Undergrad: 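Please see the structure below; I have some questions.
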Amino acid sequence: MVDVAGIFKAYDVRGVVPDQFDESVARATGAAFVEVLDVLGGPGAVVIGYDMRPSSPGLAAAFAEGVASTGADVIDIGLASTDQLYFASGRLDLPGAMFTASHNPAQYNGIKMCRAGAAPVGSDSGLRDIADLVAKALTEGPATGSAAGHITHKDLLTAYADHLHHLVDLSGIRPLTVVVDAGNGMGGHTVPAVFAEGPVTIVPMYFELDGSFPNHEANPLDPKNLVDLQAKVRETGADLGLAFDGDADRCFVVDEKGDPISPSAITGAVAVRELAKHPGSAVIHNLITSKAVPELITEHGGTPVRARVGHSYIKQKMAETDAVFGGEHSAHYYFRDFWRADTGMLAALHVLAALGEQDKPAGELFAEYERYVASGEINNKVADAAATVAAIEDTYSGVEGVTVDHLDGLTVSAGQWWFNVRASNTEPLLRLNVEAADRPEMERVRDEVLALITGA
């Protein structure tokens with residue numbers, strides 16, 4: 001029997017295929033999705049997309065069968081990036097399901113689900129109820145509907161590209177040469193459509209769709225997966241390098257020297273651009289992004305809003321505040337003009353526009369948005385995460401000039417530095433992020449906290 005609770009995470013479904021996640025689970029999830037989201041009482045249809053993993057077409061077809069078994073219709077957009085699925089959900093005003101395991105290794109697959117208009121489905125907004133119905137169906141057998149829905153196919157790739165061009169027009173920028181590493185993921189499907197014409201010359205790397213990831217994992221957050229891109233940028237003398245993850249909803253950037261540009265710097269730069277178009281707006285940043293981000297937002301007339309890590313929290317805050325933009329340290333970027341959904345491609349267009357509208361090289365331009373030194377995320381296995389966090393809090397509480405908050409894990413702040421430590425939702429890990437005004441201070445705080453975590 002499949003461990004349903006084990007594969008239904010806080011925001012999606014994810015497991016090893018077929019040991020943990022198979023077509024029977026996908027079929028039951030399709031039927032449960034219709035019931036929990038009241039699709040039959042609302043739009044009457046669900047839009048489905050899938051990535052290049054070998055198991056994705058079969059899982060998507062099984063989910064579609066589950067949806068249709070209830071009497072609801074299915075619109076199948078075929079191969080898609082996750083943000084292309086969000087576009088379809090927003091444009092068609094339908095709930096959606098995307099079959100992908102994002103940046104995870106080849107043996108995994110999963111489902112990212114959303115309500116109509118790309119609104120999130122999280123553990124507290126339907127996902128737990130769907131999991132309960134799936135577990136029941138796998139134990140007792142699926143319910144049978146009185147009529148089967150229709151499954152139709154619709155190609156929305158060109159419409160997706162046109163929508164992005166409407167939001168960021170690159171036609172007037174200077175010519176740029178950009179290396180793009182698609183990691184054999186869905187960027188190889190969307191990038192050619194988005195950059196079919198215009199002043200940007202693309203140097204493609206690993207555009208062949210291959211869910212076995214023969215060149216490297218499609219996880220640009222791991223520095224080893226940027227090595228090929230960095231070398232190609234230097235070799236070709238390109239202006240910039242872009243790396244997309246497996247489902248192409250996240251975009252990582254390297255400058256003309258191949259040096260990574262932090263997602264916080266990208267968040268700051270895009271926030272400044274969006275605030276120029278929408279003065280005085282709110283901008284969301286999660287609590288792991290650089291201290292520079294809220295400073296930049298304030299300096300450019302916006303209102304910074306701090307949020308927990310995770311797309312459902314970001315999207316909720318965006319809805320509450322009517323924020324124009326949101327950014328995370330993990331290179332997820334959210335846009336009000338994109339149904340508050342995350343899209344790495346739209347962020348990439350903003351980066352190219354910012355670069356191409358002036359003459360500075362990328363490294364010099366984006367250095368203006370880097371004010372502090374960050375450790376990056378450091379993961380440590382611990383026996384008791386709660387006890388470890390409590391011990392860290394005891395160490396810093398009451399220290400003069402130090403503040404503590406619990407918005408997401410434990411954040412400890414002083415004048416020139418801050419750190420956050422959070423327990424993983426799925427593994428026995430503590431995640432540590434540290435930032436300070438300079439490297440020696442960052443390393444001092446980092447090592448001090450790591451000693452508390454490891455018990456050294």
Side-chain angles (χ1 to χ4, degrees), residues 11-12 49 51-52 79-90 98 100-104 112 114 118 157 160-161 163-165 167-168 170 178-195 200 202 204-207 209 217-222 225-226 229 240-254 260-271 273-274 284-286 289 310-311 314-315 318 325-355 362 366:
Y11 312 117
D12 57 20
D51 72 8
M52 68 292 141
L79 281 167
S81 63
T82 291
D83 67 324
Q84 188 183 338
L85 184 280
Y86 290 150
F87 164 79
S89 173
M98 174 68 191
T100 181
S102 184
H103 60 282
N104 287 284
K112 294 182 178 181
C114 63
L157 182 58
Y160 159 81
H163 182 68
L164 295 176
H165 294 154
L167 297 177
V168 178
L170 298 181
V178 179
V179 180
V180 178
D181 183 346
N184 298 109
M186 293 311 301
H189 175 71
T190 55
V191 169
V194 174
F195 295 97
V200 178
I202 298 295
M205 296 183 68
Y206 313 141
F207 271 38
L209 301 184
E217 287 187 354
N219 179 16
L221 192 60
D222 188 334
N225 296 321
L226 292 177
L229 173 66
L240 198 75
L242 304 175
F244 291 92
D245 66 346
D247 61 337
D249 64 345
R250 289 190 294 163
C251 181
F252 293 75
V253 185
V254 303
I261 300 171
S262 79
S264 286
I266 301 301
T267 296
V270 176
R273 289 179 54 82
E274 288 285 15
I284 312 297
H285 64 97
N286 76 20
T289 53
H311 78 94
I314 299 289
K315 291 172 182 176
M318 290 186 76
F325 173 63
E328 296 201 81
H329 70 297
S330 54
H332 282 286
Y333 305 107
Y334 308 79
F335 296 84
R336 186 172 65 194
D337 290 340
F338 201 80
W339 298 277
R340 303 189 186 98
D342 41 327
T343 163
M345 189 67 75
L346 184 51
L349 292 178
H350 273 285
V351 167
L352 295 176
L355 180 60
F366 290 100

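Remember, predicted model here, so these are calculated numbers, not experimental data.
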Undergrad: So, do L355 and L240 sit near enough that their side-chain heavy atoms are less than 4.5 Å apart?
TA: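 Contact flag for L355/L240 side chains = yes.
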Undergrad: Please report the interatomic distance CZ(F252) to OG(S262), rounded to the nearest 0.5 Å.
TA: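 F252 CZ to S262 OG: 11.0 Å, rounded to 0.5 Å.
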Undergrad: When the ring planes of H163 and F338 are compared, do they come out parallel, tilted or perpendicular, using 30° and 60° as the limits?
TA: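 Judged by the thresholds at 30° and 60°, the geometry between H163 and F338 is tilted.
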Undergrad: Is any NZ, NE, NH1 or NH2 atom of the basic residue among K112 and D12 found under 4.0 Å from an Asp or Glu carboxylate oxygen of the other?
TA: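 Salt bridge: no.
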Undergrad: Closest heavy-atom contact between C114 and L85?
TA: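 Nearest heavy atoms, C114 then L85: SG-CD1, 4.1 Å.
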Undergrad: Would you say the side chain of F325 lies within less than 4.5 Å of the side chain of T267, judging by non-hydrogen atoms?
TA: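 Touching, per the 4.5 Å side-chain cut-off.
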Undergrad: Quick one, V180 and P204 - any side-chain contact, counting heavy atoms below 4.5 Å?
TA: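 No, too far: nothing below the 4.5 Å cut-off.
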Undergrad: E328 and N286: side-chain donor and acceptor closer than 3.5 Å?
TA: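 Note: E328 and N286 side chains meet the donor-acceptor criterion.
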Undergrad: So do the side chains of F87 and W339 get within less than 4.5 Å of each other, counting heavy atoms only?
TA: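 Side chain of F87 against side chain of W339, heavy atoms only: contact under 4.5 Å found.
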Undergrad: Which distance, rounded to the nearest 0.5 Å, do you find between the OH of Y206 and the CG of N184?
TA: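 If I round to the nearest 0.5 Å, the distance is 8.0 Å.
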Undergrad: Rounded to the nearest 0.5 Å, what's the gap from NE2 on H329 to CD1 on I266? Could you check?
TA: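 Going from the NE2 atom of H329 to the CD1 atom of I266 covers 15.5 Å.
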Undergrad: Do we see a donor-acceptor contact under 3.5 Å between the side chains of D247 and S81?
TA: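 Their side chains do not contain a donor-acceptor pair, so the 3.5 Å distance test is not met.
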Undergrad: I would like to know whether T190 and L157 meet side-chain contact (heavy atoms from CB on, under 4.5 Å); could you show each step before the answer?
TA: CA-CA 7 Å; T190 55; L157 182 58; 4.2 Å; yes
Undergrad: Between H103 and N219, is there a side-chain donor-acceptor contact under 3.5 Å, judged purely by atom types and distance?
TA: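 Not at all, the side chains of N219 and H103 share no donor-acceptor pair under 3.5 Å.
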Undergrad: Just one of H332, M345, M98, Q84 clears the side chain to side chain contact (heavy atoms under 4.5 Å, CB included) bar with D249, so which one?
TA: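 Only one of H332, M345, M98, Q84 forms a side chain to side chain contact (heavy atoms under 4.5 Å, CB included) with D249, namely H332.
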Undergrad: Is any side-chain heavy atom of I261 closer than 4.5 Å to one of V254?
TA: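 No, every pair of side-chain atoms sits at 4.5 Å or beyond.
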Undergrad: Looking at D245 and A248, would you say the former's side chain and the latter's main chain have a donor-acceptor pair under 3.5 Å?
TA: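 Yes; at least one donor-acceptor contact below 3.5 Å.
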Undergrad: Just distance, no hydrogens or angles: give the donor-acceptor pairs under 3.5 Å from side chains in residues 346-354, sequence neighbours left out.
TA:
unit_1: H350; atom_1: ND1; unit_2: R273; atom_2: NE; d: 3.0
unit_1: H350; atom_1: NE2; unit_2: E274; atom_2: OE2; d: 3.4

Undergrad: For D51 and T100, does a side-chain donor sit closer than 3.5 Å to a side-chain acceptor?
TA: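 D51 vs T100: donor-acceptor pair found between side chains.
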Undergrad: Grab the two heavy atoms, one from M52 and one from L209, that are nearest each other, plus how far apart they are.
TA: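 In terms of heavy atoms, the two residues are closest at CB-CB, 3.8 Å.
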Undergrad: Can you name the closest pair of heavy atoms from G187 and A182 and give their distance?
TA: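 Looking at all heavy atoms of both residues, the shortest contact is C-CB, 3.8 Å.
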Undergrad: Is it possible for you to check whether K315 lies under 6.0 Å from the centre of the six-membered ring of Y86, through NZ or CZ, and within 45° of that ring's axis?
TA: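 Checked: cation-pi criterion met.
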Undergrad: Using side-chain heavy atoms (C-beta onward) and a distance below 4.5 Å, is F335 in contact with D342?
TA: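 The answer is no; the side chains never approach within 4.5 Å.
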Undergrad: Please check this pair: side chain of H285 against backbone of G326, looking for a donor-acceptor N/O pair closer than 3.5 Å.
TA: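 Such a contact is absent between H285 side chain and G326 backbone.
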Undergrad: Decide yes or no for V270 and Y333: does some side-chain heavy atom of the first lie under 4.5 Å from some side-chain heavy atom of the second?
TA: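 They are not in contact (no side-chain heavy atoms under 4.5 Å apart), so the answer is no.
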Undergrad: Identify the two heavy atoms, one from G327 and one from T289, that lie closest to each other, and give their separation to 0.1 Å.
TA: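 Scanning both residues, the minimum pair turns out to be O-CG2, 3.8 Å.
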Undergrad: Nearest 0.5 angstrom please: S89 OG to D83 CG, how far?
TA: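 With rounding to 0.5 Å, OG (S89) is 12.5 Å from CG (D83).
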Undergrad: Quick one, Y334 and T343 - any side-chain contact, counting heavy atoms below 4.5 Å?
TA: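 No, side chains not in contact.
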